[in-house]
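The structure displayed is predicted, hence computed values, not measured ones.
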Amino acid sequence: MVQVTDNTRPGRNGEQNELLAGLQRAQKTVSPKFFYDETGSRLFDEICRQPEYYPTRTEIDILQRHAGEMADLVGPQASIIEFGSGSSIKTRLLLDKLHEPAAYIPVDISREHLTQAAEKLATDFPAIEVLPVCADFTQPVALPTPRRPAACNVVFFPGSTLGNFSVDEAIDLMRVMREQADDDGGLLVGIDLAKPREIVEPAYNDAAGVTAEFNLNLLRRLNREYDADFELPAFKHKAVYDEAEQRIEMRLVSLERQSVHIAGTDIDLDAGEYIVTEHSHKYSP
């Protein structure tokens with residue numbers, strides 16, 4: 001049984017204020033971190049199995065072919081810190097090749113999902129100390145100290161999640177990673193390269209509708225946790241590729257003129273108006 005370190009801050013008021021600020025902008029937004037309750041985390045795992053969603057299978061293929069080389073570069077007795085660990089599927093490919101790692105420290109905001117994944121890894125890799133941390137990885141996080149001293153800290157950030165952040169936010173996040181890695185450590189980061197629209201757009205509009213359900217589940221969570229009254233049938237999912245910005249924009253489009261209430265505040269939407277829930281930037285080399 002693994003012990004989860006809970007570094008979530010009692011910031012409900014801060015999160016509520018963040019939600020209201022985003023929904024009161026001219027272009028309404030909600031941070032993608034609100035996707036990841038237990039249902040959202042499960043749905044994201046399902047998205048990764050959809051045939052249109054190329055990032056996961058591509059990155060798994062890269063790890064299968066090059067994890068040994070990555071492990072040699074990481075070196076022996078490293079502590080692997082994974083931000084936004086989710087199900088840790090890709091992590092297994094790396095852990096299999098590492099040389100006597102000191103510890104694996106997954107950091108994720110979804111406690112239930114984190115606990116389940118960490119317990120499975122602890123069972124499958126009994127020689128590696130697994131130290132899960134429930135926290136918002138975009139903020140500096142105090143991490144547990146492994147029993148066995150680590151030769152270095154390596155922050156593992158696969159999945160092209162860095163693309164979910166604006167350029168300034170991505171730089172700030174990499175500074176957080178740099179602080180965790182310290183002078184002797186490093187970063188192992190996944191980046192999705194720019195591709196044609198006909199490849200990118202279907203990845204976020206899968207035929208089975210899993211991404212749509214994932215996007216709409218955000219509203220379900222706001223209803224449950226933030227006293228909102230979104231009517232889910234009054235919204236539809238849409239993801240569009242902005243070629244000028246080289247990014248996917250995930251939207252929840254209002255199907256009618258409506259007024260939504262959240263934390264006692266009225267949010268008015270016109271028919272066709274949308275809430276941006278995520279950007280996924282695609283980079284050039």
Side-chain angles (χ1 to χ4, degrees), residues 6-48 83-87 106-115 117 133-139 141 157 159-166 169-170 172-173 176 204 209-239 247-254 258 260-267 269 273-281:
D6 196 333
N7 279 346
T8 52
R9 295 170 182 151
R12 181 177 172 83
N13 287 339
E15 288 187 344
Q16 186 170 285
N17 291 340
E18 179 184 354
L19 279 168
L20 291 174
L23 289 168
Q24 290 174 319
R25 293 190 184 113
Q27 173 54 72
K28 295 174 173 58
T29 62
V30 173
S31 168
K33 72 181 180 182
F34 291 99
F35 283 135
Y36 296 101
D37 61 357
E38 186 175 7
T39 301
S41 296
R42 176 182 58 77
L43 285 167
F44 182 72
D45 285 347
E46 198 173 334
I47 287 170
C48 294
F83 281 9
S85 53
S87 296
V107 183
D108 202 277
I109 202 165
S110 177
R111 185 184 179 90
E112 294 86 354
H113 214 57
L114 172 70
T115 303
V133 178
C134 185
D136 177 358
F137 63 75
T138 63
Q139 305 296 323
V141 178
F157 198 47
S160 71
T161 308
L162 196 69
N164 295 154
F165 298 86
S166 70
E169 290 168 342
D172 288 343
L173 178 56
V176 172
Y204 298 84
V210 182
T211 308
E213 180 62 21
F214 172 72
N215 204 4
L216 288 162
N217 183 66
L218 181 149
L219 300 182
R220 192 177 289 114
R221 181 184 184 187
L222 298 188
N223 286 349
R224 184 179 66 250
E225 297 183 21
Y226 295 92
D227 303 318
D229 60 359
F230 288 95
E231 295 286 344
L232 271 64
F235 291 87
K236 72 173 181 180
H237 159 79
K238 187 175 184 181
R247 69 187 185 193
I248 276 284
E249 185 169 275
M250 290 252 289
R251 301 171 179 175
L252 287 167
V253 183
S254 177
Q258 57 181 306
V260 176
H261 312 93
I262 180 167
T265 301
D266 294 345
I267 305 295
L269 295 110
E273 189 177 359
Y274 56 85
I275 302 167
V276 175
T277 54
E278 183 179 72
H279 285 132
S280 184
H281 294 83

ring-ring contact (aromatic ring centres under 6.0 Å, His included) between Tyr274 and Phe235, worked out: CA-CA 9 Å; Tyr274 56 85; Phe235 291 87; over 10 Å; no
Residues Phe34, Leu19; criterion side chain to side chain contact (heavy atoms under 4.5 Å, CB included); working and verdict: CA-CA 9 Å; Phe34 291 99; Leu19 279 168; 3.7 Å; yes
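Taking CG of Asp266 as the start and CD of Gln24 as the end, the distance is 10.0 Å to the nearest 0.5 Å. With values rounded to the nearest 0.5 angstrom, Leu269 atom CG is found 8.0 Å from Leu23 atom CG. In this structure, the separation between CD on Glu15 and CG on Leu222 is 10.5 Å, given to the nearest 0.5 Å. With rounding to the nearest 0.5 Å, the separation of OG1 in Thr277 from CG in Asn217 is 11.5 Å.
Side-chain atoms of Asn215 and Glu278, non-hydrogen and from C-beta on, never get closer than 4.5 Å to each other. Here the side chains of Asp227 and Ile262 are not in contact, with every heavy-atom distance at 4.5 Å or above. Leu173 has its side chain within reach of Phe157: a pair of non-hydrogen atoms, C-beta onward, lies under 4.5 Å apart. Looking at Thr138 and Phe83, their side chains never come closer than 4.5 Å, going by heavy atoms from C-beta outward. Side chains of Asp136 and Gln139 form a contact here, defined as non-hydrogen atoms less than 4.5 Å apart. With a 4.5 Å cut-off on side-chain heavy atoms, Leu219 and Leu252 count as touching. Between Ile275 and Phe230 the shortest side-chain heavy-atom distance falls below 4.5 Å. Residues Thr211 and Met250 form a side-chain contact, since some pair of their non-hydrogen atoms from C-beta on lies under 4.5 Å apart.
For the residue pair Asn223 / Arg220, no side-chain donor-acceptor distance below 3.5 Å is found, with atom types taken as modelled. Checked by atom type, the side-chain pair Ser280/Tyr204 shows a donor-acceptor distance below 3.5 Å.
The shortest non-hydrogen separation linking Gln16 to Ala263 is CD-CB, 3.4 Å. The heavy-atom pair separating Ile109 from Cys134 by the smallest distance is O-SG, 3.8 Å. For the residue pair Leu114 and Ser85, the shortest heavy atom distance occurs at CD1-OG, 3.7 Å.
A donor-acceptor distance shorter than 3.5 angstrom exists from the side chain of Asp229 to the backbone of His261, with no hydrogens or angles considered. Arg251 places no side-chain N or O within donor-acceptor distance of the main-chain N or O of His237, the cut-off being under 3.5 Å. With hydrogens and angles disregarded, no donor-acceptor distance shorter than 3.5 Å links the side chain of Glu46 to the backbone of Ser41. Checked by atom type and distance alone, the side chain of Ser166 pairs as donor or acceptor with a backbone atom of Glu169 at under 3.5 Å.
Taking the centre of each ring, Phe35 and Phe214 come in below the 6.0 Å mark.
Salt bridge Lys33/Glu18: present, at least one basic N to carboxylate O contact under 4.0 Å.
By the neighbour-count criterion of 12 heavy atoms within 6.0 Å, atom NZ of Lys28 is densely surrounded, having more than that number from other residues, nucleotides or ligands. Under a cut-off of 6.0 angstrom, the local environment of CD in Glu112 is crowded, with over 12 non-hydrogen atoms contributed by other residues, nucleotides or ligands.
Every residue meeting the side-chain contact (heavy atoms from CB on, under 4.5 Å) condition with His279, not counting sequence neighbours, appears here in chain and number order: Arg247, Glu249, Val276, His281. Annotation: side chain to side chain donor-acceptor pair (under 3.5 Å) contacts of Thr29 (sequence neighbours excluded): Arg25.
His113 pairs with exactly one of Thr39, Asp108, Asp45 by the side chain to side chain donor-acceptor pair (under 3.5 Å) rule, that one being Asp45.
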